[in-house]
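All figures in this text were calculated on a predicted structure; none of them were measured in a lab.
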There are 4 protein chains.
Amino acid sequence: MSRISVAVLGATGPIGQRFVQMLEGHPYFEVEGFYASERSEGKRFGDIVKVRDHEFSEETMDAKIRTMDIGRISKNARIAFSGIPSELAGPTESELAKKGVAVFTNAGSHRMDEHVPIMIPEINPDHAASVEMQDTYGNGGYIVTNANCSSTGIAMPLFAIDRKFGLKEVFVSTYQALSGAGYPGVPSLDAVGNVVPFIDKEEEKMEKELAKILGGYSKDGFRPAGFKVMANCARVPVVDGHLESLVLKLDSSPSLKEIASVLSEFRGEPQSLRLPSAPEAPIIVRTEKDRPQQVYDALAGSPERAKGMASVVGRLREGNGYYKMFALSHNTLRGGAGGSVLNAELFKAKGLL
Amino acid sequence: MSRISVAVLGATGPIGQRFVQMLEGHPYFEVEGFYASERSEGKRFGDIVKVRDHEFSEETMDAKIRTMDIGRISKNARIAFSGIPSELAGPTESELAKKGVAVFTNAGSHRMDEHVPIMIPEINPDHAASVEMQDTYGNGGYIVTNANCSSTGIAMPLFAIDRKFGLKEVFVSTYQALSGAGYPGVPSLDAVGNVVPFIDKEEEKMEKELAKILGGYSKDGFRPAGFKVMANCARVPVVDGHLESLVLKLDSSPSLKEIASVLSEFRGEPQSLRLPSAPEAPIIVRTEKDRPQQVYDALAGSPERAKGMASVVGRLREGNGYYKMFALSHNTLRGGAGGSVLNAELFKAKGLL
Amino acid sequence: MSRISVAVLGATGPIGQRFVQMLEGHPYFEVEGFYASERSEGKRFGDIVKVRDHEFSEETMDAKIRTMDIGRISKNARIAFSGIPSELAGPTESELAKKGVAVFTNAGSHRMDEHVPIMIPEINPDHAASVEMQDTYGNGGYIVTNANCSSTGIAMPLFAIDRKFGLKEVFVSTYQALSGAGYPGVPSLDAVGNVVPFIDKEEEKMEKELAKILGGYSKDGFRPAGFKVMANCARVPVVDGHLESLVLKLDSSPSLKEIASVLSEFRGEPQSLRLPSAPEAPIIVRTEKDRPQQVYDALAGSPERAKGMASVVGRLREGNGYYKMFALSHNTLRGGAGGSVLNAELFKAKGLL
Amino acid sequence: MSRISVAVLGATGPIGQRFVQMLEGHPYFEVEGFYASERSEGKRFGDIVKVRDHEFSEETMDAKIRTMDIGRISKNARIAFSGIPSELAGPTESELAKKGVAVFTNAGSHRMDEHVPIMIPEINPDHAASVEMQDTYGNGGYIVTNANCSSTGIAMPLFAIDRKFGLKEVFVSTYQALSGAGYPGVPSLDAVGNVVPFIDKEEEKMEKELAKILGGYSKDGFRPAGFKVMANCARVPVVDGHLESLVLKLDSSPSLKEIASVLSEFRGEPQSLRLPSAPEAPIIVRTEKDRPQQVYDALAGSPERAKGMASVVGRLREGNGYYKMFALSHNTLRGGAGGSVLNAELFKAKGLL
């Protein structure tokens with residue numbers, strides 16, 4: 001079976017490089033072209049790749065990808081994976097959709113658009129139907145967004161808990177990694193030995209998008225979920241992985257053990273469909289007293305392609321009528337490129353590609 | 001007037017060194033001796049001091065302090081400032097109190113004891129009376145604790161808000177500095193580029209101690225304040241300064257401007273008594289979009305002796321019926337040695353020394 | 001063919017864990033037991049493993065290894081891989097050798113002993129013969145050391161250059177990773193945002209051991225190589241990988257291109273014998289203006305088992321009659337556990353096991 | 001006596017802010033205006049200042065400076081202190097000199113110009129005469145450069161040693177702080193947990209400029225000193241302070257004690273003239289086994305204005321006919337703004353202003 005041709009937009013940034021990493025040797029998709037800003041045009045992809053700890057490097061990647069030049073987009077790409085900055089993404093992605101391209105994007109520009117879904121396949125596979133209401137659908141084109149990196153990691157545990165125990169209020173504080181700010185991103189003089197308690201529009205995104213992700217969809221549009229989110233976002237000097245503290249108010253009073261079971265046993269469509277980038281268990285519960293931690297758990301979840309695709313939850317506690325825990329996920333894999341790749345895999349499985 | 005003689009216990013740790021820094025040239029107190037573990041015995045204080053960025057160094061300190069040996073405690077010390085680890089502090093401090101010494105301690109061992117106050121002079125100067133009920137008072141001896149480093153920084157803003165607007169619930173997540181764990185403390189392999197979402201007993205301390213600090217005191221004992229605290233504590237790779245995110249539920253609905261005014265204008269007894277280590281304004285409100293930050297604000301509050309003695313609050317926001325903000329304070333100054341020095345200054349002013 | 005049974009000593013430290021990582025599924029060796037300090041006795045290996053970035057974790061390792069308890073050493077282990085601290089290693093290792101165990105150690109205690117080789121198989125495979133002169137050889141027991149972590153990475157490039165162009169003087173300054181100091185190792189308060197220009201005995205080791213490694217061996221003993229080494233060692237806040245600056249005085253005047261070729265084309269016995277842990281190319285030359293860097297290059301060298309086993313050299317320059325370059329290698333793989341595993345593979349190939 | 005009016009160019013960068021810090025309340029100079037790029041124009045200086053650890057902040061500075069707007073340069077400034085990036089500095093500084101302004105600059109653009117001195121007043125006060133040969137001197141205008149940040153810290157110890165013992169060869173490797181790269185400077189993704197072994201043109205500067213600084217000057221021009229410099233430069237994740245390892249070849253064979261004495265006792269014209277920004281001792285020798293370290297020693301040298309103006313030397317060793325040591329200095333104070341302020345103080349003392 002011939003693979004579906006894809007282009008990667010913004011291929012030189014932290015998200016773009018992760019797209020290429022996840023697409024290398026992908027069973028459904030074949031990278032046909034890279035796009036980036038003019039600055040990178042004409043460079044070989046192998047010369048710009050900078051993923052730490054040799055997780056993905058010019059020595060380990062396919063020769064085809066290594067030698068592909070930045071800047072040549074195949075006219076016939078069926079899919080565009082977009083890792084371009086939000087301020088540029090809006091019009092570019094609309095234009096591609098108009099030309100009949102299926103755009104799976106990490107950018108926030110279209111997330112709150114009327115029939116554009118914020119997809120997390122374990123949570124809202126039915127939202128996929130929304131693209132049929134997009135103006136460009138007749139043409140084969142549409143836009144699908146993945147969740148914001150700080151929403152993704154907690155969305156799955158919140159969904160599993162909400163479905164079973166009813167979620168009323170979510171108090172979340174983030175410990176977000178530097179790679180979430182792109183490259184060059186945060187100046188090192190602000191990052192080394194410091195915390196920056198501000199990430200532009202991040203709290204607003206979390207407070208709105210989680211309700212859309214966990215809410216319903218019908219042809220009349222999206223219907224946000226009923227719980228409230230109170231978010232405080234901060235950047236910490238960590239390379240990859242967003243850690244988040246959670247305090248939850250529920251409708252019922254489960255034991256911590258019940259919550260742990262509901263989280264550990266949670267499975268969604270990506271698991272039943274055995275999508276290539278789906279983690280075996282979307283939520284991993286750790287029982288040590290001091291986990292999850294970014295450097296040990298961000299890449300958790302063993303099989304090769306689904307590394308960094310799980311949420312890791314730990315330190316379940318309760319008191320004063322509230323439940324507390326920490327959750328962690330990889331912000332450029334599950335919370336970035338991996339989220340969109342998994343979305344595209346779901347769309348293929350559903351016959352929408 | 002002759003100065004009151006003091007001993008510093010645990011003088012070689014991060015807290016102990018800050019005690020010496022604050023006591024150097026102090027108008028009321030004179031350091032007569034240093035105590036520490038056997039390992040340091042016989043060393044000169046000037047040879048062990050290690051405060052970063054030359055804030056306090058052997059080149060800048062008094063010759064008397066620089067050349068004082070570790071290990072000689074003056075028999076006649078009226079006050080012991082204690083920076084020893086909690087696991088050792090309990091019995092040592094009780095014994096000193098029995099001998100008639102006024103112990104001002106940073107250790108947590110006695111904080112929840114019946115007539116032992118957790119003092120923050122801007123908040124609960126009336127709690128000082130509790131020492132008169134301690135068994136050892138007849139002898140001149142008693143124990144006064146300062147608040148835990150993560151409670152201190154938020155206690156003043158919470159108190160100012162509670163008094164005016166009524167506090168019902170406090171959701172707090174901490175971004176705590178490495179110096180809070182003592183020395184050697186956190187291994188660098190766990191700290192560099194990582195966050196550790198666990199600090200032993202810290203959340204329990206915050207949830208209990210804040211209520212005691214902001215509560216009342218009568219001869220029958222302490223009466224905890226009525227609000228609830230839900231705490232999540234984490235260690236970040238920052239040297240000094242505990243940053244904390246807050247979400248507050250209040251009894252009333254003030255505007256953000258009203259809250260900002262109440263915080264900025266807050267003053268307590270240390271200010272009216274002009275205590276030497278009292279900051280001019282105990283709470284500094286910053287209006288930038290991205291402050292407070294540890295490296296810029298932990299030492300805020302200008303005059304020489306009261307550096308690092310203020311709480312710095314920023315990013316006031318509201319939504320969903322809650323108020324949000326970030327607060328920061330210096331964990332080894334206000335939240336450690338400085339807290340106890342200010343307590344002793346209050347006790348002197350009250351004629352309790 | 002049945003595999004040779006091995007025990008890992010000091011299995012819980014950074015070096016010990018890397019031994020287990022490299023031995024997992026090894027074609028020649030089978031782990032039969034772990035030894036560590038009493039503190040860890042009885043714990044399962046899977047519960048103590050802490051290698052960053054999920055390179056090696058309880059989720060990805062063999063069930064057998066994961067569930068093996070610390071503390072049970074098989075009496076019949078033919079090999080002991082030792083990652084215990086040097087201050088303890090000396091007598092323990094001697095005793096094991098007396099019992100007929102072949103000890104491959106990372107500790108420095110025996111490195112300068114008379115017939116104990118410091119092996120780097122690409123450089124001095126003939127030094128293996130020295131073990132036959134050790135007192136315990138009749139019994140099957142002997143001690144083989146790997147080079148100090150800061151010597152290893154530069155030894156291969158220095159050897160390749162010396163053999164071809166004659167080496168007279170080596171000026172080396174190190175930028176050494178935290179994992180080289182073990183765990184808990186360097187306190188985070190000394191490491192974050194700082195450099196410590198002192199590593200106990202490290203400069204002395206480099207100045208003596210490199211000459212032994214690159215020197216000759218006959219039954220009369222080791223004959224040190226003739227060049228001089230001037231070393232300055234410092235610890236930087238990096239997790240893994242020792243970077244080192246080099247200035248070299250040579251006997252001849254090759255072009256930079258000639259040096260680059262000699263380095264890139266260098267191969268030794270591990271390559272011709274196709275030892276399992278041998279990197280394809282022991283020295284990788286990078287041509288970018290700003291490499292090697294720890295986070296991108298420490299794990300260079302693709303195939304699974306030989307990750308982190310190459311030296312990476314970059315920034316070749318010349319001037320004033322000297323040659324300059326930077327070299328990097330992974331201090332707990334090539335410069336630690338990997339070095340000893342490769343030594344044992346060589347000994348097996350030579351029929352010495 | 002009325003103070004000399006000065007303008008600060010590039011006032012918003014790390015160097016520019018340090019200029020303002022050192023000029024605040026200066027006995028000779030009065031800041032009349034700040035210049036920076038258009039981006040900052042119209043902002044108040046107090047709103048942009050970002051010096052860590054409250055060393056210099058809007059709370060502690062003069063009201064006049066705090067409220068001064070960026071962008072208004074006084075037409076009558078006698079002096080311009082320049083902290084603008086080298087790529088812009090060249091023509092701007094030439095133009096100002098033509099208008100009769102005395103330019104004291106941190107930029108490298110003019111350092112190797114024919115009659116432009118690279119001044120370190122302790123070393124080459126006689127080089128000041130060179131400005132009289134600059135074309136613009138008749139007009140009152142001239143350009144004086146301070147040394148590159150990585151050359152400054154070692155220049156004083158090298159000079160003291162050269163004068164007494166004769167210097168033949170200098171092998172230097174640097175551990176340079178992030179603030180040396182300006183702001184935003186090094187992206188945090190490259191800095192956190194990593195070392196970058198490349199700083200553009202830095203090694204070339206060190207190899208050329210040190211010889212000019214320590215050389216002679218006559219009306220025929222500069223005569224470089226005779227020793228050779230072999231430099232390797234790297235950026236480490238440290239905020240302030242350049243640490244450098246040194247190996248020296250001398251003409252004679254002094255004892256380490258003699259070298260230590262020569263360094264400690266070294267004094268120059270700034271000391272005999274008691275210039276306001278001169279450190280009491282330009283070189284501080286530390287005897288601990290593990291110093292100097294950036295976080296403890298970069299600001300060494302006690303009196304208020306001369307903080308961060310000394311070189312700190314430690315770990316004196318010898319062997320193989322070479323001498324080894326580590327040296328440290330503050331890259332934005334002594335190695336930046338402070339260097340130029342001290343130069344201007346010398347020029348005033350010499351009647352050249």
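With respect to the salt-bridge test (charged N to carboxylate O, under 4.0 angstrom), the residues A:Asp297 and A:Arg291 qualify.
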Full working for side-chain contact (heavy atoms from CB on, under 4.5 Å) between A:Leu243 and A:Thr174: CA-CA 6 Å; A:Leu243 176 73; A:Thr174 68; over 6 Å; no
Take D:Glu203 and D:Asn232, measure what side-chain contact (heavy atoms from CB on, under 4.5 Å) needs, and give me the verdict at the end. CA-CA 6 Å; D:Glu203 294 160 356; D:Asn232 277 298; 4.3 Å; yes
Passes side-chain contact (heavy atoms from CB on, under 4.5 Å), D:Glu24 versus D:Arg305? Steps please. CA-CA 9 Å; D:Glu24 196 197 16; D:Arg305 186 168 309 285; 5.9 Å; no
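Comparing D:Ser179, D:Ala177, D:Gly193 by heavy-atom pairs within less than 4.5 Å of chain A, the highest count is held by D:Ser179. Annotation: maximal heavy-atom pairing with chain D below 4.5 Å, among A:Gly185, A:Ala181, A:Pro184, occurs at A:Pro184. For the set A:Val238, A:Asn194, A:Asp190, the count of heavy-atom pairs under 4.5 angstrom toward chain D peaks at A:Asp190.
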